[in-house]
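Contents: one structure, followed by commentary.
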Amino acid sequence: MSGQLAVVGIGPGDARWLTPEAEAALDAADALYGYGPYLARVPARPKQSRHCSDNREEMRRAEASLAHAAQGARVAVVSGGDPGVFAMAAAICEAIEHGPPAWRALDVTVIPGISAMLAVAARAGAPLGHDFCALSLSDNLKPWNVIEQRLDAAATTGFVIAFYNPVSRARPWQLASAFERLRRHLPGTTPVIFGRAVGRAEETIDVTSLDVADASAADMATLVIVGSRATRVIARPGRPLVYTPRAATEASA
Ligand code: SAH
């Protein structure tokens with residue numbers, strides 16, 4: 001029998017955001033692979049082995065999980081949010097493309113999850129209501145000047161931008177530098193949302209503007225959304241509603 005490998009998105013935190021399909025895949029697995037804090041969110045099941053690895057070991061984890069599935073096991077690789085968004089699904093595909101031919105015969109499925117940008121956007125209103133893009137600020141896998149080109153292109157053509165991986169211990173300056181870059185193109189009043197640990201007990205959502213946005217307010221568990229010229233803030237008691245209208249004009253780009 002050839003093995004099975006499911007790449008499972010478990011959402012950003014709230015257990016109610018785990019889909020029934022993801023739950024079933026976790027239930028059916030003989031072995032779980034993943035970054036420790038993600039695996040910690042999956043309740044232990046009897047007779048299921050667990051293989052934790054560090055965040056930066058995506059390729060090794062992908063290869064180990066494929067090799068395990070190739071022995072005939074049902075393997076689930078766990079990702080936070082959606083596994084296709086800056087996560088394990090692409091690492092698994094890379095490993096299959098460059099790995100032994102037997103890996104291509106495996107039954108591989110990718111099970112979607114709620115990505116952090118969708119959860120943060122939902123908390124704030126509808127900031128992704130018109131065209132948007134997602135950018136990882138990690139320059140581990142791409143040079144910083146590529147990030148700058150993408151920032152310029154996104155801001156000058158009217159995209160709302162969702163920033164994943166805004167900072168880490170090894171990357172302390174990137175978000176401040178990205179804000180500086182965006183201030184060249186966008187008004188100071190452009191809404192900025194910091195969504196931290198959304199769906200978890202320690203969740204915070206802060207709405208501010210580009211002129212005063214403080215990069216030091218973000219950490220590894222934060223997703224930042226920077227609006228476009230069209231993004232609007234509706235003041236109301238408590239947190240404002242932030243949204244991007246469905247229609248665009250040339251002036252809003
Ligand atoms: N596959 C994940 C993203 C992995 S990259 C997804 O689809 O959400 C890791 C980054 O995702 C973090 O640095 C942070 O920017 C964001 N993130 C993940 N979980 C989050 C949460 N609960 N709240 C806010 N941002 C989160």
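One-based numbering, in listed order, for ligands and for the atoms of each.
Put simply, no part of Ser79 is less than 4.0 Å from ligand 1, judged by heavy atoms. Residue contact check for ligand 1: Gly199 places no non-hydrogen atom closer than 4.0 Å to it.
Taking the centre of each ring, His130 and Phe159 stay at or above the 6.0 Å mark.
Contacts between Val224 and ligand 1 below 4.0 angstrom, taking non-hydrogen atoms only, are absent altogether. Under 4.0 angstrom from ligand 1, the non-hydrogen atoms of Ala197 all belong to its backbone. Counting heavy atoms closer than 4.0 Å to ligand 1, residue Arg200 contributes side-chain atoms (C-beta onward) but none from N, CA, C or O. If you look at Ser115 next to ligand 1, the close heavy atoms, those under 4.0 Å, come from the backbone and the side chain alike. Here Ala221 has backbone heavy atoms under 4.0 Å from ligand 1, and that is the only part of it that gets that close.
For atom 15 (O) of ligand 1, the nearest non-hydrogen atom of the protein is Thr222 O, 2.7 Å. Looking only at protein heavy atoms, the nearest one to atom 10 (C) of ligand 1 is Asn165 OD1, 3.6 Å. Ranking protein heavy atoms by distance to atom 17 (N) of ligand 1, first place goes to Ala116 CB, 3.5 Å. Protein heavy atom closest to atom 2 (C) of ligand 1, with residue, atom name and distance, is Gly80 O, 3.3 Å. Among protein heavy atoms, the minimum distance from atom 11 (O) of ligand 1 is reached at Tyr164 CD2, 3.3 Å. For atom 12 (C) of ligand 1, the closest non-hydrogen atom of the protein is Met220 O, 3.0 Å. Nearest protein heavy-atom neighbour of atom 4 (C) of ligand 1: Phe86 O, 3.5 Å.
Between Arg61 and Glu58 there is no salt bridge, since no side-chain nitrogen of the basic residue lies less than 4.0 Å from a carboxylate oxygen of the acidic one. A salt bridge links Arg181 to Glu148: one of the charged nitrogens lies within less than 4.0 Å of a carboxylate oxygen. A salt bridge between Asp14 and Arg200 is absent, with no side-chain N of the basic residue lying under 4.0 Å from a carboxylate O of the acidic one. Looking at Glu23 and Arg45, a side-chain N of the basic residue comes within less than 4.0 Å of a carboxylate O on the acidic one, giving a salt bridge. Using a cut-off of 4.0 Å between Lys/Arg side-chain N and Asp/Glu carboxylate O, Glu203 and Arg123 are scored as salt-bridged.
When only interatomic distances are considered, the shortest N/O to N/O separation between Pro12 and ligand 1 falls below 3.5 Å. Here's the thing with Asp82: one of its N/O atoms is less than 3.5 angstrom from an N/O atom of ligand 1.
In summary, the side chains of His51 and Ser53 do not present any donor paired with an acceptor at a separation below 3.5 Å, with no hydrogens or angles considered. Residues Tyr164 and Ser115 have side chains that bring a donor and an acceptor to within less than 3.5 angstrom of each other. If you check the side chains of Ser209 and Thr189, you find no donor sitting under 3.5 Å from an acceptor.
Considering each of Ile205, Val85, Val198, Ile114, the one bringing a non-hydrogen atom nearest atom 23 (N) of ligand 1 is Val198.
Between Ile205 and Arg239, some side-chain heavy-atom pair lies under the 4.5 Å cut-off. Annotation: side chain of Ile193 is in contact with side chain of Val120 (closest heavy-atom distance under 4.5 Å). You'll find the side chain of Ile147 stays beyond 4.5 Å of the side chain of Arg150, heavy atoms only.
In the vicinity of Gly81, heavy-atom distances shorter than 4.0 Å reach the ligand 1 atoms 6 (C), 7 (O), 8 (O). Near Ala87, the atoms of ligand 1 lying under 4.0 angstrom from a non-hydrogen atom of the residue are 1 (N).
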